[in-house]
Amino acid sequence: MKNIVILISGRGSNMQAIVDAQIAGANICAVIANRPDAAGLAWAAERGIATAVLDHKLYAGREAFDAALTTLIDGYAPDLIVLAGFMRILTASFVNHYAGRLINIHPSLLPAYTGLHTHERALADGVKIAGCTVHFVTAELDHGPIILQAALAVLDDDTVASLSSRMLEQEHLIYPQAVRWFVEDRLKLINGRVHVDSPAPAAVLIAPPVL
Ligand code: GAR
């Protein structure tokens, strides 16, 4: 059994997808938010999952907040920490403490469009393919070894709302899959790249073509 702590900042739909996937061998021990109003907290609590709030506004700076967060997380003896819409820049000491057991989902085909407003920027650039990425977290924001990506064709009439809504469906497929692979010990980090043990599944999911 692998202990998993999920960190959220808002609605927590990716957290819900991971919980709902009922991954064999995964013990979701806690959902922690940095915002007291994070909607996902109530959803988790209703399902009997331990929840906690660590309000970043109450801390003097990133180091102090991340130190308190580390203490809180480590109380659950986690094998894996899952960032699910956790909208905080993390300190290097936090990231290094969880090296190899801290994963994130980002709504772009990394290394493109790190940071915020990914769909807005991709649409402004006129990209024809957009995507989302699950990756191990390293100290550099939205970087780190890629575990799984999904790609979608961008439609001529796509808006930020329509693209993010279709992308969220893909996120909800690939994030539980990546967690499943971790729990099954199928992810191997070799020279900074992720290899998935056999039987090798498709590492990249391309949504059905729209043509
Ligand atoms: C998701 O789209 C996720 O990819 C994104 O925030 C959203 C959270 O939604 N994460 C980032 O932008 C991280 N840089 P959720 O709270 O419903 O899972």
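Each ligand, and each atom within it, is numbered from 1 in the order the structure gives.
Applying the ring-ring contact (aromatic ring centres under 6.0 Å, His included) definition to pairs two or more places apart or across chains, those involving residues 51-89 are Tyr59-Phe65. The salt bridge (Lys or Arg N to Asp or Glu O under 4.0 Å) analysis of residues 152-161, with sequence neighbours excluded, yields the pairs Asp158-Arg166.
The minimum heavy-atom distance linking Ile147 with Ala178 is given by the pair CG2-CB, 3.9 Å.
Applying the ring pair (Phe, Tyr, Trp, His ring centres under 6.0 Å) rule to Phe94 yields the partners Tyr98; only residues at least two apart in sequence or on another chain are considered.
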Exercise. Could you walk me through whether Val196 and Lys188 pass side chain to side chain contact (heavy atoms under 4.5 Å, CB included), step by step?
Key: CA-CA 6 Å; Val196 184; Lys188 300 281 173 284; over 6 Å; no
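Each of Ile28, Ile6, Ile4 was evaluated against Leu80; a single residue qualifies, Ile4, per the side chain to side chain contact (heavy atoms under 4.5 Å, CB included) test.
Protein residues are said to neighbour a ligand when one of their heavy atoms lies under 4.0 Å from it; for ligand 1 these are Arg11, Gly12, Ser13, Asn14, Gly85, Met87, Ile105, His106, Pro107, Asp142, Leu168, Glu171.
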